[in-house]
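What follows is a set of notes on a single structure, which appears directly below.
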Amino acid sequence: MEYRGYDSAGLAVNDGTKIEIAKCKGRLKALSDLTNGGETIQGTSGIGHTRWATHGVPSDTNSHPHYNSNESIAVVHNGIIENYIKIKQRLIDKGYSFQSQTDTEVVVQLLDHYYEGDALAAITKVMTKLEGSYALGIVFNDHPDELFAVRKDSPLIVGVSESGNYIASDVPAILKYTRDVYYIDNGEIVKLTRDNVSFYNSDLEPIEKELKTVAWDISAAEKGGYEHFMLKEIHEQPKAVRDTLNPRIRDNDIVIDELNMNEEDIKNLKKIFIVACGSAYHTGMTGKYVIEDLARIPVEVDLASEFRYRNPILEEGTLTIIISQSGETADSLAALREAKRQGMKVLGIINVVGSSIAREADNVMYTWAGPEIAVATTKAYSTQLSALYLLAMHFAKVRGALPQNEFDTLLQNLRQLPEQIQSILDNNVTQIQYIASKFVAVKECFFIGRGVDYTTALEGSLKLKEISYIHSEAYPAGELKHGPIALIEDGTLVTAILTQEDLYKKTLSNIVEIQSRGALVLAVTNEGNEEAVKVSDIAVYIPVTDKHFTTSLAVIPLQLLSYYVSIGKGLDLDKPRNLAKSVTVE
Ligand code: AGP
C-alpha cells in the first residue's frame, strides 16, 4: 500500500487480552525494524496503516492507528474528516484530551464516547457525526476476535480466504492472500471474524453483497486497474478537487483557517508574489488573472529559478505564495528563503504534508490531492487551481471587491467543478483518443489562448512536451503575429483554447489567420460555442462554468490528449526521460 502513502506506518494487534500498538514515522521498513519484523507484536486480529499525511505532519504521534486513552479501541483511517475541528472542541469540552494533530483521532475518541459494549451501535452513532471522507478499520479490546470497518467516499474492500478475512483500502494489499473480494459501498459497515464476514447498512440491517474475483496482478492493482498512474490520477481529479474545496466552503462562505490572516491583514495587502516552477508556475499564472480580476490586488508571478537571483523588490504589505506539489523543489525552496530573508510572510500551497517548503512557510494551504506518483502532474495541478480560486474569492469578499450575489454565483460554479470534470472524463475520451492519433506523428505543435486560456495553453503544451517528447510552444494568441506565425505552414497543428466569451472574437480572428496559412486547428471551447467549430478543424467541448474557472475544465482534454499521444508513441509516460517527480537540485 506504500504507493498510496508512505510517510509513517503503524499496527494495532489484539492478542486476546489487550491491544498492542506499534507505530512510527518513516516507511514500512521503519515499522518492521521497530517490531523486529512483527515478532514483538503478536495476535490473531489487527489493523495496520501506511500514511499519506493530510492533517498533522508525519511523526510517531500522528501515525495511525489512533487509540483512546485506555487503549481499548484503535482506529486506522483513509480520508479527511472535514468537521474534525468542531468535533475535537466538543470532546475537549467533555474532558477528552488529544495526543495528535490529526483529524483521525476524533474518530476513536467519539467511539470511546459512544461505546457501551455494542461495537456496531457505537460505529453507527459516530457515522452520524462525521462529515468528509473515510474508510475506517476498527478494533475493540473486548471484541478480540472481531474486526470492524466502515466506508464513506474513501475506498474499502474485504478479502475472504480459508486462512482468514481482511479489510483493505485497495486490492494490492491482500492479493497475495486472496483474489476473492467484496467491494464496500458508501454507508456500509463490515464485521469480520476469522471464519465469517457480515455486512450491514447504516440502520444496522444485514445486507447481502456479491463476491467478486480479482483478475489483476499487483502492478495493475496499484494503478486501480488503470494502465498508468497518470491516467489513474487524471481520473482522481474530481475527488481531489472536491477534497480540496469542500473543507473550506462552510455555510456558503469560504473559510481558510490555515491562512492565518485576519480581515485587516487581507485589506492591507498591497501585492502578491506567486513563485513556482513548471505546472505549479502555470497555476500561478492562472491565479494572477483570477486574483487581479476578482480581488483587485496586483499579482506578480515568477519562475522560482529566476526569482531567487533577480534581487526581487519585496515591500511591506506583500504576500509571497510558493506553490509546489512535492514541497521539495530546490528552486522554490530557495525562493521561499529569499522572501523570508526580506521579511515577507510566505504562504505555501503544497501537496505533501511536512515537506521542506511546508515546514519553512509561515502558513500552508494544503492541496489534498493524495499521493501523486506520475511525473507529469495532473490532480495536484487541479487542486492548486482550486486553492487559488478559494483565495481569490476570499480576498475579494473581504476587501469588498465582490458583491454578495456575485460571490454566491461564483461559489455555485466552484462547487460544480468536480462533477464537470467528471463529465469530461465520462464523455470526451473517445474523441480525444481519435485526435491524439493525429498528433502522434507530428514533430511540433502550438497551443494558443488569451487570458486564462493562455495559462491553460501553457499547461497543455508542457504536458505534451514532457510525456510525448513532441516540441510544443504556447503563445498568447495575440502574440502570434509578432513573429511566431512565421512558423505556421501547411499542416502545422495548433490547439486553440477558447473559453473566454469576451475574447472569443479576437482569438477566432487569430485562428483564421493561421488557418489561411495551412494550420490544422483543434479548438477547446465551451459547450454551445458554435462559432469555434466554423473556424476549426475539430472542436472539443467542455461544460460551461464561470470564466475564472475554465482552466480547470479546459485542461482535462489536454491532459488526456498528451496521455493518448504518448501511448500512441509507446513511451514510458509515468517516468518520462530526463525528468524526476521532484526536482531537488538547482
Ligand atoms: C509538471 O508535470 C512537471 N512534473 C514539473 O513541471 C513540476 O510541475 C515542477 O517540477 C514543479 O514541481 P513541484 O510542484 O513539486 O514544485
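Just follow the structure's listing: the first ligand is 1, and inside any ligand the first atom is 1. Bear in mind that the values here come from a model prediction, so they are computed numbers and not experimental data.
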What part of T329, side chain, backbone, both or neither, has a heavy atom within less than 4.0 angstrom of ligand 1?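 Answer for T329: side chain.
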Is E466 touching ligand 1 with its side chain, its backbone, both, or neither, if touching means heavy atoms under 4.0 Å apart?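 Within the 4.0 Å criterion, E466 contacts ligand 1 through side-chain atoms alone.
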Look at [atom] and say which protein heavy atom is nearest, naming residue and atom and giving the distance to 0.1 Å.
atom	answer
atom 4 (N) of ligand 1	V375 O, 2.8 Å
atom 10 (O) of ligand 1	V583 CG2, 4.0 Å
atom 15 (O) of ligand 1	S326 OG, 2.7 Å
atom 14 (O) of ligand 1	Q325 N, 2.7 Å
atom 6 (O) of ligand 1	G278 CA, 3.2 Å

Could you tell me whether [X] and [Y] have a side-chain N and a carboxylate O separated by less than 4.0 Å?
X	Y	result
K340	D362	yes
E360	R337	yes
K271	E300	yes
D257	R250	yes
K239	D153	no
E258	R248	yes
K223	E227	no
K288	E292	yes
E338	R308	no

Please could you name the atoms of ligand 1 that [X] approaches to less than 4.0 Å, counting only its heavy atoms?
X	value
A376	2 (O)
K463	1 (C), 2 (O)
L462	6 (O)
S279	1 (C), 2 (O), 6 (O), 8 (O)

Report yes if Q384 has an N/O atom closer than 3.5 Å to an N/O atom of ligand 1; otherwise report no.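 No; the residue has no nitrogen or oxygen that sits under 3.5 Å from a nitrogen or oxygen of the ligand.
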Using distance alone, decide if ligand 1 has a nitrogen or oxygen within less than 3.5 Å of any nitrogen or oxygen in S324.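 Yes; at least one N/O pair falls below 3.5 Å.
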With the threshold set at under 4.0 angstrom, would you say C277 reaches ligand 1 through any of its heavy atoms?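 The answer is yes: ligand 1 sits under 4.0 Å from a heavy atom of C277.
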